[in-house]
Undergrad: 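Input: one structure, supplied below.
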Amino acid sequence: MSNVTVRGGAALSGAVAAQGSKNAALPILAATLLVKEPVRLRNCPRLRDVGNMLHILESLGCTVFREGNDLIVDSGTAANCVLPTALSRELRSSIFLLGSVLSRFSEADAPYPGGCEIGNRPIDLHLAGLRKLNAEIVERGGRIRCQGANLSGAVVDFEYPSVGATENIMMAAVRAKGTTVIRNAACEPEIVDLEGFLNACGFRVSGAGTPTVTVEGVEEGHGTTYCIMPDRIVTGTYLIGAAITRGDVTVTGTRPDTVDALLSKLSACGCDVTAAKDAVRVRAKRRPRCVEFTETRPYPGFPTDLQPQLFSLLSVAEGTSVLVENVFENRFKHAQELKKMGAENRILDRTAVITGVARLHGATVTAHDLRGGAALVLAGLCAEGDTVIEHAERIERGYEQIDLAIGALGGAVARKEL
Ligand code: EPZ
């Protein structure tokens, strides 16, 4: 366990490079099991969640090592299709392994996944999709046992464009007989990155980034070298850092097109936003203006993973803002923590009414989940005095050395291992 202490007052300024994307890296790591040759991954972030995924891969028999900044995964030696309980419960993304393990070994045995407490997070769409591909699934004693000796292509219609279910079915389908068509698929950029990785391994996937993804099954894939996309949520977090501290921050090595929904909100708040090919700059000279209405939606809508950070910004804006969380049913735990810092908000089911205050003050607060924790770091940066954030290890699940990154922008964040 760890905590961080944030000293408020400094306007963030300078440039920071975007880390590799956690939500692209995790499904890509699961997909390394689909080939029996080594895979070299570039720009794979050094995060707690990535570490847990690598431990799970090693428990299945993969060989994993770093060479400089590259990560090499060799699943040639993998031979086990039973996922370890404790590790898998630590990580929501362990569910992604169902599709790739089933494809590789024709059977898979996994516990229900863990992860952030931001909602019920059922996996019915994952299992319904796998059953469509001719997998037999038995759920008993807290475990999911799958048999799939004859996975075959099918049309899979999703009731909801789930990111994880789309990625899982893509992985289960690449070596299935025939063609799979996923309809109402999620369109997140991380799914396009997974398609890029699978095709680099010799598989045949098309349409990622649109609601219809097509996968033509092939017998085998091969090893490859692949560079993981930059993290759009981390990019957005540092840009909101500029807005909330009235600073001037440039995030480099990123994909501006993947944060469009946020950039239009920051412009509406009165920030100067400039985007170049692979960099975005946000300058804020004045107190942010409120944003009347924002709601989270699947991509390209406003991302739920930036909702808490925007919540912090709107907590110090001029005027009242309304924020609706449509994706997860329990993702406002940061609201009560911000109130400890002097914020004013009311939560009505999935709607937050946020009345901006001129200044927050330091307090001892808790990071209940990854993005909620990041939102408290941002609030602490513009608060009077020190803010102590407990359970900061939850932030390390998705941010590489956030203390050093913000330190490089002139902010004061000190980490303490407990
Ligand atoms: C991915 O989670 C991300 N995680 C999440 O980021 C992100 O918030 C989410 O997509 C939405 O963008 C990773 O990529 C590792 P979903 P995932 O399946 O795949 C319901 C972060 O902070 N649903 O699109 O779990 C579900 O309950 C994390 O980095 C079903 O009902 O998201 C939720 O309400 C948090 N049945 C909604 O769909 C299913 O079978 C969206 O879930 C699957 C999902």
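Quick caveat, the model's predicted, so the values are computed rather than measured. Below, all heavy atoms of this structure are taken into account, side chains as well, without hydrogens, waters or symmetry copies. Atoms within each ligand, like the ligands themselves, are counted from 1 in listed order.
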Undergrad: Check this for me, if you would: do D109 and R143 make a salt bridge, where the nitrogen-to-carboxylate-oxygen distance has to be below 4.0 angstrom?
TA: yes
Undergrad: Suppose I only count heavy atoms of R92 and a 4.0 Å limit; which atoms of ligand 1 are within that range?
TA: 25 (O)
Undergrad: Just to be sure I read this right, does ligand 1 sit under 4.0 Å from the backbone of T304, its side chain, both, or neither, counting only heavy atoms?
TA: side chain
Undergrad: Given H368, which of H391, E337, R331 fulfils the side-chain hydrogen bond (donor to acceptor under 3.5 Å, both in side chains) condition?
TA: E337
Undergrad: With atom 8 (O) of ligand 1 as the reference point, say which of D305, T296, I191 has the nearest heavy atom.
TA: D305
Undergrad: For S93 and ligand 1, does the shortest N/O to N/O distance drop below 3.5 Å?
TA: no
Undergrad: For ligand 1 and V163, I'd like to know whether there is a polar contact (N/O to N/O, distance under 3.5 Å).
TA: yes
Undergrad: Any idea which of D369, D124, L26 brings a heavy atom closest to atom 30 (C) of ligand 1?
TA: D124
Undergrad: Please determine if D248 and R281 form a salt bridge, counting it only when a charged side-chain N lies under 4.0 Å from a carboxylate O.
TA: yes
Undergrad: Could you tell me if the side chain of F328 sits less than 4.5 Å from the side chain of T296, heavy atoms only?
TA: no
Undergrad: Just jot down the ligand 1 atoms closer than 4.0 angstrom to any heavy atom of G164, in number order.
TA: 18 (O), 19 (O)
Undergrad: Closer than 4.0 angstrom, basic N to acidic O: yes or no for R145 and E107?
TA: no
Undergrad: Who's closest to atom 39 (C) of ligand 1 heavy-atom-wise, of A128, G119, P122, S162?
TA: P122
Undergrad: Please identify which atoms of ligand 1 are closer than 4.0 Å to at least one heavy atom of K22.
TA: 21 (C), 29 (O)
Undergrad: Indicate, as side chain, backbone, both or neither, the part of E167 found under 4.0 angstrom from ligand 1 when only non-hydrogen atoms are considered.
TA: neither
Undergrad: Any non-hydrogen atom of L370 lying under 4.0 Å from ligand 1?
TA: yes
Undergrad: Applying a heavy-atom cut-off of 4.0 Å, say which part of H126 lies close to ligand 1: side chain, backbone, both or neither.
TA: both
Undergrad: Measure R331 to ligand 1 on non-hydrogen atoms and call it side chain, backbone, both or neither using the 4.0 Å cut-off.
TA: side chain
Undergrad: Taking atom 38 (O) of ligand 1 as the point of reference, which of Y160, F158, F328 owns the nearest heavy atom?
TA: Y160
Undergrad: Are any of the N/O atoms on I118, whether in the backbone or the side chain, positioned under 3.5 angstrom from an N/O atom of ligand 1?
TA: no
Undergrad: Would you say ligand 1 has an N or O under 3.5 Å from any N or O of L125?
TA: yes
Undergrad: Any carboxylate oxygen within less than 4.0 angstrom of a Lys/Arg side-chain nitrogen, looking at E295 and R297?
TA: yes
Undergrad: Is any side-chain N of the basic residue among R415 and E417 closer than 4.0 Å to the acidic one's carboxylate O?
TA: yes
Undergrad: Could you tell me whether Y299 approaches ligand 1 through its side chain, its backbone, both or neither, with non-hydrogen atoms closer than 4.0 Å?
TA: neither
Undergrad: I would like to know whether E292 and S321 meet side-chain hydrogen bond (donor to acceptor under 3.5 Å, both in side chains); could you show each step before the answer?
TA: CA-CA 5 Å; E292 271 179 32; S321 311; over 6 Å; no
Undergrad: Begin with the C-alpha distance, continue with both residues' side-chain angles, and end with the deciding distance and a verdict on side-chain hydrogen bond (donor to acceptor under 3.5 Å, both in side chains) for H334 and Q307.
TA: CA-CA 10 Å; H334 41 283; Q307 176 263 97; 2.9 Å; yes
Undergrad: Test of understanding: given a 4.0 Å heavy-atom threshold, classify the contact between E190 and ligand 1 as side chain, backbone, both, or neither.
TA: neither
Undergrad: Where do D231 and Y399 land on the side-chain hydrogen bond (donor to acceptor under 3.5 Å, both in side chains) test, with the steps shown first?
TA: CA-CA 10 Å; D231 196 305; Y399 293 83; over 6 Å; no
Undergrad: Say you draw a straight line from OG1 of T304 to CD1 of I233; how long is it, rounded to the nearest 0.5 Å?
TA: 9.0 Å
Undergrad: Need the ligand 1 atom indices (1-based, order shown) with element for anything under 4.0 Å from a heavy-atom of V327.
TA: 33 (C), 34 (O), 37 (C), 41 (C)
Undergrad: Which residues pass the side-chain contact (heavy atoms from CB on, under 4.5 Å) test with N168, not counting sequence neighbours?
TA: I95, L98, H126
Undergrad: For E329, is at least one N or O under 3.5 Å away from an N or O on ligand 1?
TA: no
Undergrad: Sequence neighbours excluded, which residues qualify as side chain to side chain donor-acceptor pair (under 3.5 Å) partners of E167?
TA: none
Undergrad: In this structure, does ligand 1 have an atom that sits under 4.0 Å from one of the heavy atoms of A186?
TA: no
Undergrad: Answer with yes or no whether G398 contacts ligand 1, where contact means a heavy atom under 4.0 Å from a ligand atom.
TA: no
